[in-house]
Amino acid sequence: MAVLTLKSRELESFPAIAIDFANHKKSIEGRSEQTVCEYLIDLRIFFRYLRAVERKIDFDSPAFSEIDISDITAEDMEKVSAETIYRFLFYAD
């Protein structure tokens, strides 16, 4: 897998909310490109986790890494409960 950069074509697969977040972190907060890309990688895993839960996809399945996250919206994020975040953190640990 290639290293993610802020110029990667791979960013086209990210939802607009993640790109907006990355732009804010880089431009406004002055975070390094590497840090911002690490945030994006973490968000991609979280977004895939959310979709996997919805679609009942096994987290260890090869299908997990192919889950389309491009349609995640701010409204989707508003629906995420603290419990879901805790479960994700347990999964990611």
Side-chain angles (χ1 to χ4, degrees):
M1 176 184 274
V3 174
L4 183 67
T5 69
L6 296 178
K7 293 183 170 65
S8 297
R9 292 204 60 155
E10 189 177 350
L11 289 182
E12 295 172 7
S13 68
F14 282 78
I17 189 172
I19 300 304
D20 290 345
F21 172 80
N23 287 332
H24 178 83
K25 290 294 183 185
K26 177 82 172 115
S27 302
I28 306 302
E29 294 184 17
R31 304 288 187 212
S32 73
E33 180 172 357
Q34 182 176 353
T35 296
V36 172
C37 288
E38 291 295 327
Y39 291 155
L40 287 170
I41 291 166
D42 292 343
L43 283 173
R44 177 173 54 197
I45 295 167
F46 179 63
F47 293 157
R48 284 180 176 162
Y49 174 87
L50 293 176
R51 290 295 189 238
V53 169
E54 287 175 358
R55 299 173 186 163
K56 296 180 175 48
I57 296 172
D58 184 359
F59 304 134
D60 297 323
S61 161
F64 183 84
S65 64
E66 300 300 319
I67 295 173
D68 179 22
I69 59 166
S70 62
D71 62 342
I72 298 276
T73 65
E75 291 78 20
D76 292 323
M77 294 299 90
E78 290 172 1
K79 296 175 188 173
V80 174
S81 68
E83 182 178 338
T84 299
I85 294 169
Y86 298 146
R87 287 182 180 172
F88 170 73
L89 291 172
F90 182 76
Y91 156 77
D93 186 27

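Between F21 atom CZ and M77 atom CE the span is 12.0 Å, to the nearest 0.5 Å. Atom CZ in R44 sits 9.5 Å away from atom OG in S65 (nearest 0.5 Å). Atoms CZ and CD1, from F46 and I69 in turn, are 11.5 Å apart once rounded to the nearest 0.5 Å. Between the CD1 atom in I19 and the OG atom in S70 there is a gap of 11.0 Å [rounded to 0.5 Å]. Atom CG in L6 sits 8.0 Å away from atom CG in N23 (nearest 0.5 Å). Note that OG of S13 and CZ of F47 are 11.5 Å apart. Values are rounded to the nearest 0.5 Å.
Residues L11 and L40 have side chains in contact (heavy-atom distance under 4.5 Å, counting atoms from C-beta outward). No side-chain heavy atom of T35 sits less than 4.5 Å from a side-chain heavy atom of K26. Between L43 and I72 the shortest side-chain heavy-atom distance does not fall below 4.5 Å. Looking at I41 and L4, their side chains come closer than 4.5 Å, going by heavy atoms from C-beta outward. No side-chain heavy atom of R31 sits less than 4.5 Å from a side-chain heavy atom of H24. Between L50 and D76, every side-chain heavy-atom pair lies at or beyond the 4.5 Å cut-off.
For the residue pair S32 and Q34, no side-chain donor N or O sits within less than 3.5 Å of a side-chain acceptor on the partner.
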Open item on the list: Walk me through whether R87 and E83 qualify under salt bridge (charged side-chain N to carboxylate O under 4.0 Å, His left out).
Closed with: CA-CA 6 Å; R87 287 182 180 172; E83 182 178 338; 2.4 Å; yes

Open item on the list: Walk me through whether K7 and E33 qualify under salt bridge (charged side-chain N to carboxylate O under 4.0 Å, His left out).
Closed with: CA-CA 10 Å; K7 293 183 170 65; E33 180 172 357; 5.9 Å; no

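No continuous path of ILVMFWY side-chain contacts below 4.5 Å connects V36 to I28, so the two sit in separate hydrophobic clusters. Neither F90 nor V80 shares a network with the other; the hydrophobic side chains, linked directly or stepwise wherever heavy atoms of I, L, V, M, F, W or Y lie under 4.5 Å apart, form separate groups for each.
Between the side chain of S61 and the backbone N or O of A63 there is at least one donor-acceptor pair closer than 3.5 Å.
Here the shortest heavy-atom pairing between F64 and I45 reads CZ-O, 3.9 Å. The two residues A74 and I17 make their nearest non-hydrogen contact at CA-CD1, 3.5 Å.
Of the charged side-chain nitrogens involved, at least one lies within less than 4.0 Å of a carboxylate oxygen, so that R51 and D71 count as a salt-bridged pair.
Between Y91 and F88, the two ring planes are tilted [angle within 30° to 60°].
R55 CZ: more than 12 foreign heavy atoms inside a 6.0 Å radius.
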